[in-house]
Colleague: 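Dropping the structure in here first, questions after.
Residue numbers run from 1 in the order of the sequence given. The basis for the numbers below is simple: all heavy atoms, side chains too, and nothing from hydrogens, waters or symmetry mates.
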Amino acid sequence: MIEARRLTKRYGEKTAVDGLDFVVRPGTVTGFLGPNGAGKSTTMRMIVGLDAPTSGSVTVNGRPYAHHRAPLQEVGALLEAKSVHPGRSAYQHLRALALTHGIPGRRVEEVIGLAGLEGVAKKRAGAFSLGMGQRLGIAAALLGDPRTVMLDEPVNGLDPEGVLWIRTLLKGLADEGRTVFVSSHLMSEMALVADHLIVVGRGRLLADTTVADLVREAGGDTVKVVTQDPARLREVLAGPGVDVTGRIGSQELQVTGLSAREIGLKAAEHGIALFELSARGVSLEEAFMDLTRDAVEYHGSTTAMDALGRPA
Ligand SMILES: Nc1ncnc2c1ncn2[C@@H]1O[C@H](COP(=O)(O)OP(=O)(O)OP(=O)(O)O)[C@@H](O)[C@H]1O
């Protein structure tokens with residue numbers, strides 16, 4: 001469990017993290033989303049004590065990170081900054097970490113297997129590809145068999161097989177009852193792996209929600225219907241929780257609160273001809289862009305990719 005209370009970090013004039021309140025719970029994968037510069041890495045650094053909050057607090061498994069006697073057994077973290085000696089092999093790196101943290105040597109073999117590093121464990125880490133480096137970072141994060149796992153952009157540099165591996169690994173860790181907190185820019189990836197989402201923009205909390213709710217709030221459950229008789233169809237569909245909108249004189253209606261199937265069945269029951277019936281699927285990507293539109297730090301052009309917050 002990770003708990004942030006009014007967590008704030010200022011660097012001079014710049015407020016990187018601005019009064020964040022959130023709880024990351026065990027047993028699920030929680031995605032940490034936000035455009036570039038939103039404060040994700042700063043928040044993660046504060047979680048593991050690499051940066052001190054200007055005000056507010058953050059605890060892991062009930063205590064500030066530094067107050068844990070065996071922190072690697074509490075929280076395993078993969079942060080962007082790499083701290084692997086390039087001349088050391090993956091095996092030596094993990095072995096040194098294990099020795100200095102009272103972790104049994106056999107765990108090193110286990111995490112090498114878990115991370116799929118068997119074939120390269122004896123090679124110099126300095127010669128690793130980005131993907132192999134990520135796998136080594138994840139192996140190190142899991143070394144202490146921690147209750148809480150926190151990964152900053154773990155799919156960075158991974159090939160499709162690696163992305164699938166991460167997805168399965170994260171879900172597996174959550175199913176074992178661990179707290180799994182993962183940042184990513186890849187919304188489509190988050191939609192597949194995360195159940196819960198914490199979205200930040202300019203250091204502030206924008207949403208603390210489920211993937212399903214975020215998509216729903218962005219209009220993901222709207223169904224477009226084109227019919228010969230919009231007035232009658234409106235009457236037929238009316239009911240609690242159902243909202244039907246459409247321009248006067250137009251045959252097109254937008255319906256929320258009913259599925260395409262339910263609308264089709266009701267129309268058939270009343271003999272109303274439909275010309276078109278389609279659920280307007282909103283992807284997590286669209287929902288995210290809706291939510292963070294005003295919080296993007298670096299504005300480039302207005303193309304969809306740039307709206308994700310990449311510097312122009
Ligand atoms: N050491 C620092 N000194 C000054 N400003 C900093 C420092 N670290 C971060 N910042 C600023 O704080 C803000 C938040 O940065 P942070 O790296 O936490 O964002 P992020 O959400 O992780 O971004 P990205 O997705 O690009 O990694 C940015 O405006 C950044 O420039």
Side-chain angles (χ1 to χ4, degrees), residues 22 28-36 38 167 171 184-202 204-310 312:
F22 63 81
T28 57
V29 177
T30 301
F32 194 27
L33 300 179
N36 283 134
R167 204 181 287 158
K171 284 187 186 255
S184 178
H185 282 121
L186 298 175
M187 304 311 133
S188 45
E189 187 50 39
M190 279 288 138
L192 292 173
V193 76
D195 310 297
H196 202 89
L197 294 175
I198 290 169
V199 186
V200 289
R202 294 185 189 276
R204 298 218 172 126
L205 189 71
L206 296 180
D208 184 343
T209 182
T210 62
V211 173
D213 283 350
L214 179 60
V215 170
R216 197 172 305 126
E217 277 159 28
D221 64 348
T222 303
V223 180
K224 173 183 160 186
V225 200
V226 184
T227 174
Q228 194 175 21
D229 194 345
R232 256 196 81 219
L233 187 62
R234 272 176 184 270
E235 280 171 27
V236 164
L237 297 181
V242 178
D243 188 36
V244 184
T245 55
R247 276 183 291 117
I248 295 166
S250 163
Q251 293 188 321
E252 183 181 319
L253 300 175
Q254 309 290 336
V255 184
T256 53
L258 288 171
S259 68
R261 188 172 185 277
E262 289 166 327
I263 296 166
L265 287 173
K266 286 203 178 203
E269 204 180 298
H270 292 85
I272 302 170
L274 299 186
F275 306 141
E276 222 184 299
L277 178 64
S278 55
R280 187 181 159 255
V282 168
S283 68
L284 188 58
E285 213 105 19
E286 288 173 85
F288 172 79
M289 284 195 285
D290 258 8
L291 192 65
T292 59
R293 188 157 293 136
D294 298 330
V296 172
E297 176 113 318
Y298 310 101
H299 280 285
S301 78
T302 51
T303 63
M305 289 310 279
D306 284 340
L308 275 178
R310 300 197 173 95

Colleague: How long is the span from the CD1 atom in Ile263 to the CD1 atom in Ile272, to the nearest 0.5 Å?
Modeller: 11.5 Å
Colleague: Is it the case that atom CZ in Arg204 sees more than 12 heavy atoms from other parts of the structure closer than 6.0 Å?
Modeller: no
Colleague: Tell me, please, which residues at least two apart from Asp213 pass salt bridge (charged side-chain N to carboxylate O under 4.0 Å, His left out).
Modeller: Arg216
Colleague: How long is the straight-line distance from CG of Leu258 back to OG1 of Thr222, given to the nearest 0.5 Å?
Modeller: 11.5 Å
Colleague: Which pairs, with at least one residue in residues 251-271 and sequence neighbours excluded, count as a salt bridge (charged side-chain N to carboxylate O under 4.0 Å, His left out)?
Modeller: none
Colleague: Would you please name every residue forming a side chain to side chain contact (heavy atoms under 4.5 Å, CB included) with Asp208, sequence neighbours left out?
Modeller: Phe22, His196, Ile198, Leu205
Colleague: Would you name the heavy atoms of Gly201 and Pro35 that are closest together and state the gap between them?
Modeller: CA-CD, 4.4 Å
Colleague: Taking all atoms of both residues into account, what is the closest heavy-atom pair of Lys171 and Val193, and its distance?
Modeller: CE-CA, 4.0 Å
Colleague: Of Val200, Leu33, Thr292, Leu197, which is the lone residue that meets side-chain contact (heavy atoms from CB on, under 4.5 Å) with Leu206?
Modeller: Thr292
Colleague: Could you tabulate the donor-acceptor pairs under 3.5 Å formed by side-chain atoms of residues 223-241, not counting sequence neighbours?
Modeller:
{"residue": "Lys224", "atom": "NZ", "partner": "Glu276", "partner atom": "OE2", "Å": "3.1"}
{"residue": "Thr227", "atom": "OG1", "partner": "Asp229", "partner atom": "N", "Å": "3.2"}
{"residue": "Thr227", "atom": "OG1", "partner": "Ala273", "partner atom": "O", "Å": "2.8"}
{"residue": "Asp229", "atom": "OD1", "partner": "Arg232", "partner atom": "N", "Å": "3.2"}
{"residue": "Arg232", "atom": "NH2", "partner": "His270", "partner atom": "O", "Å": "3.2"}
{"residue": "Arg234", "atom": "NH1", "partner": "Val244", "partner atom": "O", "Å": "3.4"}
{"residue": "Arg234", "atom": "NH2", "partner": "Gly246", "partner atom": "O", "Å": "3.3"}

Colleague: Please list, chain by chain and in numerical order, all residues satisfying side-chain hydrogen bond (donor to acceptor under 3.5 Å, both in side chains) with Asp195, sequence neighbours excluded.
Modeller: none
